[in-house]
Amino acid sequence: MSKISKRLKELANKVDSSKEYALAEAIDTVKTLASAKFDETVEIALKLNVDPRHADQMVRGSVVLPAGTGKKVRVAVIAKDAKADEAKNAGADIVGSDELVEEIQKGNINFDVLIATPNLMGLVGKVGRILGPKGLMPNPKTGTVTMEVAQAVNNAKSGQVNFRVDKQGNIHAGLGKVSFSKEQLNDNISTFIKAINKHKPAAAKGRYIKTAALSLTMSPSVSLETQELLDMK
């Protein structure tokens, strides 16, 4: 048996796979599963009762986590003149317009989040095919197409998480690090779930959150009791 499979087997023994855990207990359990040599990310996986093929059942948005994500976020802004200065003063890592788009065309993507002012979205469209598959295309729904560039930079730097349901109705997100306190993780996860509940489409029928699980970057998952999550408003 390889070292990895032996380690995973040992970790799996700490999780009751037949049980749905209350959030507080799930956080306690996940914290015992840390086994990597780095600070693992606490990840959530949700299965929603929506059909994203219909536009009125698409779940997409963003939320700023109270305790942040625990990772350094590099922010680029496509803006000109006063808005470019505003972005620089807010702490954006890269600010530009035509020259930044040229760098993206060359494949030089040295950022995790891209923000753009609405008047320059035509310029951004030139690199849409590059940005889209990487999940980096600015979008008004995630607050990354805006004239409020300073606020957008601050949000990105202070722990904004974007979410979008995939074709199968799944949403995945990293909501902090295993080194965070239980309280910090509880605040982050609760804030995220409230945002998901707030984005429930009017057309969604039946039980909105079908299944939910917490895990670390390199651990088995811990199933969550969905009713508790549905009650978070």
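With hydrophobic clusters built from ILVMFWY side chains whose heavy atoms lie under 4.5 angstrom apart, Val149 does not share a cluster with Leu120. When hydrophobic clusters are built by joining Ile, Leu, Val, Met, Phe, Trp and Tyr residues whose side-chain heavy atoms come closer than 4.5 Å, directly or via intermediates, Val63 is grouped together with Ile193. Grouping the Ile, Leu, Val, Met, Phe, Trp and Tyr side chains by contacts below 4.5 angstrom, directly or via other members, places Val113 apart from Val127. In this structure, Val73 is not a member of the same hydrophobic cluster as Ile94, with clusters built from ILVMFWY side-chain heavy atoms closer than 4.5 Å. The hydrophobic cluster containing Ile115 does not contain Leu123, counting ILVMFWY residues as joined when their side-chain heavy atoms lie under 4.5 angstrom apart, directly or transitively.
Taking all atoms of both residues into account, the shortest heavy-atom contact from Val50 to Ala204 is CG1-CB, 3.9 Å. The two residues Ala76 and Leu100 have their closest heavy-atom pair at CB-CD2, 4.3 Å. Taking every heavy atom of both residues into account, Val161 and Gly174 meet most closely at CG2-O, 3.9 Å. Minimum heavy-atom separation, Ala213 to Ser221: CB-CB, 4.0 Å. Nearest heavy atoms, Leu229 versus Ala212: CD1-CB, 3.5 Å. The minimum heavy-atom distance between Ser62 and Asn162, with the atom names listed, is CB-OD1, 3.1 Å.
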- Task: Before giving the answer on side-chain contact (heavy atoms from CB on, under 4.5 Å), spell out for Ile171 and Val59 the whole-Å C-alpha distance, their side-chain angles and the decisive distance to 0.1 Å.
- Result: CA-CA 9 Å; Ile171 283 181; Val59 179; 4.1 Å; yes
- Message: Does Lys177 form a side-chain contact (heavy atoms from CB on, under 4.5 Å) with Phe38? I'd like the steps, not just the answer.
- Response: CA-CA 10 Å; Lys177 297 291 183 180; Phe38 58 91; over 6 Å; no
- Taking it one step at a time, do Asp187 and Leu65 satisfy side-chain contact (heavy atoms from CB on, under 4.5 Å)? CA-CA 8 Å; Asp187 286 350; Leu65 303 178; over 6 Å; no
- Query: Given the rule in the side-chain contact (heavy atoms from CB on, under 4.5 Å) test, do Asp16 and Val222 qualify, once you have shown the distances and angles that lead to the verdict?
  - Reply: CA-CA 8 Å; Asp16 183 348; Val222 178; over 6 Å; no
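With hydrogens and angles ignored, the 3.5 Å screen pairs a side-chain donor or acceptor of Asn154 with a backbone N or O of Ala150. Remark: the backbone N or O of Tyr208 is not paired with any side-chain donor or acceptor of Lys200 at under 3.5 angstrom. For the pair Asp39 (side chain) and Ser179 (backbone), a donor-acceptor distance under 3.5 Å is present. Looking at Ser219, its side chain never comes within 3.5 Å of a backbone N or O of Ser215 through a donor-acceptor pair. With Tyr21 contributing its side chain and Thr29 its backbone, the two residues share no donor-acceptor pair below 3.5 Å. Side chain of Gln184 to backbone of Ser181: a donor-acceptor contact under 3.5 angstrom is found. Judged purely by atom type and a 3.5 angstrom limit, Asn188 uses its side chain to pair as donor or acceptor with the backbone of Gly68. Remark: side-chain polar atoms of Glu225 are paired, donor with acceptor, to backbone N or O of Glu228 under 3.5 angstrom. Side-chain atoms of Asn197 come within 3.5 Å of backbone N or O of Met232 as a donor-acceptor pair. When atom types are taken as modelled, the side chain of Lys83 and the backbone of Ala116 share no donor-acceptor pair closer than 3.5 angstrom.
Here the straight-line distance linking atom CZ of Arg129 with atom CD of Gln105 works out to 11.5 Å at 0.5 Å rounding. The structure places OG1 of Thr211 at 7.5 Å from CG of Leu46, a figure rounded to the nearest 0.5 Å. In this structure, the separation between NZ on Lys37 and CE on Met218 is 10.0 Å, given to the nearest 0.5 Å. Atom CD1 of Ile209 sits about 11.0 Å away from atom CG of Asn49, to the nearest 0.5 Å. Taken to the nearest 0.5 Å, the CG atom of Leu33 stands 6.5 Å off from the NZ atom of Lys14. Rounded to the nearest 0.5 Å, atoms CD (Gln160) and OG (Ser158) are 8.0 Å apart.
Side-chain contact between Pro201 and Asp56: absent, with no pair of heavy atoms (C-beta onward) separated by less than 4.5 Å. You'll find the side chain of Leu224 reaches within 4.5 Å of the side chain of Ile44, heavy atoms only. Here the side chains of Leu23 and Ile189 are in contact, with some heavy-atom distance below 4.5 Å. When side chains are defined from C-beta on, Lys233 does not count as touching Lys194, because their heavy atoms never get closer than 4.5 Å. Looking only at side-chain heavy atoms (C-beta outward), Asp98 and Lys80 come within less than 4.5 Å of each other. You'll find the side chain of Pro52 stays beyond 4.5 Å of the side chain of His54, heavy atoms only. Leu114 places none of its side-chain heavy atoms less than 4.5 Å from the side chain of Val77. You'll find the side chain of Thr146 stays beyond 4.5 Å of the side chain of Thr117, heavy atoms only.
The only member of Arg207, Lys47, Lys210 that meets side-chain hydrogen bond (donor to acceptor under 3.5 Å, both in side chains) when paired with Thr226 is Arg207. A side chain to side chain contact (heavy atoms under 4.5 Å, CB included) with Leu185 is found for exactly one of Val42, Leu175, Val178, namely Val42.
Residues Arg74 and Asp112 are paired through a salt bridge, judged by an N-O separation under 4.0 Å between the basic side chain and the carboxylate. Looking at Glu25 and Lys19, a side-chain N of the basic residue comes within less than 4.0 Å of a carboxylate O on the acidic one, giving a salt bridge. By the 4.0 Å N-to-carboxylate-O rule, Asp93 lies close enough to Lys157 to be salt-bridged with it. Glu10 has no carboxylate O lying under 4.0 Å from a charged side-chain N of Arg7, or vice versa, which leaves the two without a salt bridge.
The ring pair (Phe, Tyr, Trp, His ring centres under 6.0 Å) contacts involving residues 129-179 comprise Phe163-Phe192, Phe163-His199, where partners must be two or more places apart or lie in separate chains.
Between the side chains of Asp231 and Gln227, a donor-acceptor pair is found at a separation under 3.5 Å.
By the neighbour-count criterion of 12 heavy atoms within 6.0 Å, atom NZ of Lys134 is sparsely surrounded, having that number or fewer from other residues, nucleotides or ligands.
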Contacts under 3.5 angstrom, residues 136-143 side chains, donor-acceptor by atom type, not counting sequence neighbours:
{"from": "Asn139", "atom 1": "OD1", "to": "Lys141", "atom 2": "N", "distance (Å)": "2.7"}
{"from": "Thr142", "atom 1": "OG1", "to": "Asn139", "atom 2": "O", "distance (Å)": "3.1"}
{"from": "Thr142", "atom 1": "OG1", "to": "Thr144", "atom 2": "OG1", "distance (Å)": "2.9"}

